[in-house]
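All chains are named by letter (A, B, ...) in the order of the sequence lines, taking the proteins before the strands, and each is independently numbered beginning at 1.
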Protein chains: 2
Amino acid sequence: MAYKRSTLMQERLADNRERILKAARALVAEGGFRQASVTAVAQSAGLSTGALYRYFPSKAELFVEVLGAAVAHEVAILGDIARGDGSATQRLRAAVESFARRALQGPYLAYAFIAEPADPEVEAARLIARAQIGDVFKKLLKDGIASGEFPKQSVDIGAACIVGAFTEALVRPVAPTAKRVTEDKLVEGIADFCLRAVGARVGG
Amino acid sequence: MAYKRSTLMQERLADNRERILKAARALVAEGGFRQASVTAVAQSAGLSTGALYRYFPSKAELFVEVLGAAVAHEVAILGDIARGDGSATQRLRAAVESFARRALQGPYLAYAFIAEPADPEVEAARLIARAQIGDVFKKLLKDGIASGEFPKQSVDIGAACIVGAFTEALVRPVAPTAKRVTEDKLVEGIADFCLRAVGARVGG
DNA sequence: CAAAGAAATGAAATAAGATTCACAAAAGGG
DNA sequence: CCCTTTTGTGAATCTTATTTCATTTCTTTG
């Protein structure tokens with residue numbers, strides 16, 4: 001037996017991996033997928049492109065992990081807020097503001113959640129991410145409806161509109177939401193959303 | 001003088017051009033930019049790739065035109081609705097439903113308005129397109145506020161949310177809207193939008 | 001129909017980026 | 001210190017597009 005990874009080495013490897021992930025996230029946040037070439041990520045992490053492939057089997061898998069980590073973080077924060085104290089109205093406001101604020105800080109990262117990714121594998125990860133975040137808002141809507149704060153409405157449509165939102169609801173109808181709704185219902189739901197959003201009475 | 005384009009030839013050329021544009025639009029509508037390679041477009045239009053370059057100097061310019069035409073069409077329809085009869089509430093609902101319905105038919109085309117495009121030139125066209133459509137909704141919001149149907153609110157933020165919407169408002173703050181607003185105002189505006197959208201009272 | 005110009009073809013050139021690989025450097029163990 | 005294994009390098013390769021161009025085919029006109 002001639003080689004066994006020392007703890008020090010173990011740590012250095014883990015550190016490299018972490019640095020690659022961070023570099024990838026930073027580059028996407030800064031300039032989108034466009035700027036996040038394998039070469040750029042490797043360079044930014046202080047490694048050669050070849051070395052990067054020792055840590056990740058492909059660019060796609062690297063970005064799946066980047067997306068996954070970012071979303072896990074996001075879901076944790078939003079989940080805390082959603083499970084917190086206060087009325088559903090207050091919690092919803094807090095969640096939206098929190099989400100929006102973070103999105104504003106790294107617009108391209110938020111963008112990457114929503115926009116067409118370069119790779120089908122990343123696309124799959126994206127759909128999962130959206131569903132997870134959507135679930136948080138869905139819970140809030142259900143709470144609000146149960147407490148009588150919000151009028152009865154489709155929580156699936158509402159959640160999809162809040163995350164994503166409107167836009168994505170149009171682009172990939174019902175993909176992230178569980179139940180299948182008819183096109184009419186979806187269109188009506190979106191219209192209702194917009195009308196309520198501007199303060200108009202939906203019934204009238 | 002040995003050659004002059006006959007009317008027939010003239011028409012055939014115009015027809016080819018038209019067919020290229022249609023093929024490009026169809027391919028984007030069907031499967032996004034991904035599927036709309038120059039080769040695919042040319043083939044689908046019944047021409048060689050080389051021939052395509054007689055009609056358009058580059059792929060980017062072709063898609064700028066595709067986008068431009070689609071948006072001109074969209075703006076014309078929405079503009080008619082916005083200038084029509086009825087309350088602002090009715091017209092807004094009609095405009096949103098009309099827009100949504102068409103978007104549902106060609107989800108990827110709608111997507112192309114919003115998603116990160118491959119090319120900076122197309123990106124520029126996209127921003128202009130968004131601004132034009134945003135203006136239609138802005139007018140509607142102004143009308144509704146003037147008539148007392150809608151509460152006073154930022155029409156820039158509201159329009160950005162409706163077109164695009166929420167999503168895009170987060171991703172590229174104030175890019176499409178004229179006036180610059182502070183980050184706080186934008187976040188608050190988005191939160192207000194969502195709260196009203198679910199029927200919660202904003203003031204309370 | 002023959003000459004001359006215009007349009008179309010599609011294979012080759014180019015570009016840009018991801019991935020591989022032969023080799024070099026470093027680490028671990030005796 | 002030398003051998004083995006792992007890790008790192010970066011130029012070469014592969015891949016997937018767009019774009020060009022020498023050649024062919026079609027149109028027009030005398």
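Residue B/Y55 has a polar side-chain atom (N or O) positioned under 4.0 Å from OP1 or OP2 of C/dA8. For D/dG8, one of the phosphate oxygens OP1 or OP2 lies less than 4.0 angstrom from a side-chain nitrogen or oxygen of A/N16. Considering only side-chain N and O atoms, A/R54 lies nowhere under 4.0 angstrom from the phosphate OP1 or OP2 of C/dT19.
Within 4.0 Å of A/T49, counting heavy atoms only, lies at least one base atom of the nucleic acid. If you check every strand for non-hydrogen atoms under 4.0 Å, B/L47 touches sugar and phosphate atoms only. Here B/L13 lies in heavy-atom contact (under 4.0 Å) with sugar-phosphate atoms only.
Taking atom CD1 of residue B/I20 and atom P of nucleotide D/dT19, one finds them 14 Å apart after rounding to whole Å. Rounding to whole angstrom units, CD of residue B/E11 and P of D/dT28 are separated by 12 Å. We find that CG of A/L52 is positioned 12 Å from C1' of D/dG8, with the value rounded to whole Å. The distance from atom CG of A/D15 to atom P of D/dG8 is 11 Å, rounded to the nearest whole Å. Atom pair B/Y53:OH and C/dA12:P shows a separation of 18 Å (rounding to whole Å applied). Rounded to a whole Å, the CZ atom of B/R19 is 14 Å from the C1' atom of C/dA7. A straight line from CZ of A/R12 to P of C/dG28 spans 9 Å, rounded to a whole angstrom. As a whole-Å value, the separation of B/M9 CE from D/dT25 C1' is 11 Å.
Considering all non-hydrogen atoms of both residues, A/A36 and A/V28 come closest at CB-CG2, 3.9 Å. Residues A/L21 and A/E65 share a closest heavy-atom pair of CD1-OE2, 3.6 Å. Closest approach of B/Y53 and B/S58 over heavy atoms only: CE2-CA, 4.0 Å.
Along DNA chain D, the nucleotide closest to B/A36 and the one closest to B/A51 are compared, and the more 5′ of them pairs with B/A36.
Of the candidate nucleotides C/dA27, C/dA18, D/dT18, C/dA18 has the atom lying nearest to any side-chain atom of A/K59.
The distance between the ring centers of B/F56 and B/F63 does not fall below 6.0 angstrom.
In this structure, B/R19 contributes its side chain and B/A45 its backbone to a donor-acceptor pair below 3.5 Å.
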